[in-house]
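Heads up, the thing below is written out as structure tokens.
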Amino acid sequence: MAEWKPRGRDVVIGGVPWLARIADKARAKADGTIGDYIYPCPIDQRFLAEAGLSAEEFMNLATSAKTDDELVNAFLEKSKRKDWSSFQP
């Protein structure tokens, strides 16, 4: 079986860089399948700080969303930062 990997660092969903990757890692952490990856890593922590969310709050949001669209909508609703176009992971 291939080792699990989160989506790449360059994947952008809903105009939010890093959201796909951090969501994949949060879901894997919740499922116990994260392997050698770290959630929340330093970049995750910076991303979450800018959003005004804790790692646990984001994990709950990520595991509740059934699709990327649901994830984007829920994240943007809760995020204190609304324009993510300049975020550099």
Side-chain angles (χ1 to χ4, degrees):
M1 185 163 92
E3 179 185 340
W4 173 85
K5 291 184 180 183
R7 283 178 274 187
R9 301 168 65 95
D10 59 340
V11 175
V12 177
I13 57 173
V16 184
W18 203 254
L19 182 58
R21 185 174 180 86
I22 190 174
D24 288 352
K25 291 180 3 178
R27 290 174 182 140
K29 174 89 172 188
D31 291 343
T33 58
I34 196 164
D36 291 337
Y37 288 91
I38 297 169
Y39 174 81
C41 74
I43 298 172
D44 296 342
Q45 292 172 26
R46 186 166 53 87
F47 177 88
L48 293 170
E50 294 209 24
L53 297 170
S54 71
E56 181 152 325
E57 287 171 320
F58 183 80
M59 186 184 297
N60 290 336
L61 188 149
T63 56
S64 297
K66 304 295 182 228
T67 65
D68 281 348
D69 286 341
E70 279 185 28
L71 174 66
V72 168
N73 291 335
F75 175 75
L76 290 175
E77 186 176 303
K78 294 200 178 284
S79 174
K80 70 179 185 181
R81 179 175 175 164
K82 300 304 177 194
D83 179 3
W84 287 88
S85 60
S86 64
F87 182 78
Q88 297 292 317

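We're numbering straight along the sequence, starting at 1.
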Side chains of Val16 and Phe47, heavy atoms from C-beta outward: is any pair under 4.5 Å?
yes
Would you check if there is a donor-acceptor pair between the side chains of Ser85 and Asp83 at a distance under 3.5 Å?
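Yes, side-chain donor-acceptor contact under 3.5 Å.
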Enter the distance from [X]:[atom1] to [Y]:[atom2] here, rounded to the nearest 0.5 Å.
X     : Y     : atom1 : atom2 : value
Leu71 : Phe58 : CG    : CZ    : 5.5 Å
Trp18 : Ile13 : CH2   : CD1   : 13.0 Å
Ile43 : Ile38 : CD1   : CD1   : 11.0 Å
Leu19 : Leu76 : CG    : CG    : 7.5 Å
Ser86 : Glu50 : OG    : CD    : 7.5 Å

If you group Ile, Leu, Val, Met, Phe, Trp and Tyr by side-chain heavy-atom gaps below 4.5 Å, do Phe87 and Val12 land in one group?
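As far as the 4.5 Å side-chain criterion goes, Val12 and Phe87 are not connected within one cluster.
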Which atoms form the tightest heavy-atom contact between Val11 and Ala20, and what is the distance?
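So the two residues come closest at CG1-CB, 3.8 Å.
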Determine the minimum heavy-atom distance between Ala26 and Ala62, stating which atoms define it.
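Scanning both residues completely, I find the closest heavy atoms to be CB-CB, 4.2 Å.
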Between Glu70 and Lys66 (side chain of the first, backbone of the second, donor and acceptor by atom type, cut-off under 3.5 Å), is there such a pair?
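Looks like yes, one N/O pair under 3.5 Å.
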Output all residues satisfying ring pair (Phe, Tyr, Trp, His ring centres under 6.0 Å) with Tyr39, sequence neighbours left out; order by chain, then residue number.
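Applying ring pair (Phe, Tyr, Trp, His ring centres under 6.0 Å) to Tyr39 gives none.
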Parallel, tilted or perpendicular, as decided by the 30° and 60° cut-offs, for the rings of Phe75 and Trp84:
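The arrangement is tilted - the two ring planes meet at 30° to 60°.
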Can you tell me which residue pairs pass the salt bridge (charged side-chain N to carboxylate O under 4.0 Å, His left out) test with a partner in residues 13-29, sequence neighbours excluded?
Arg7-Asp24, Asp24-Arg27, Lys25-Asp44
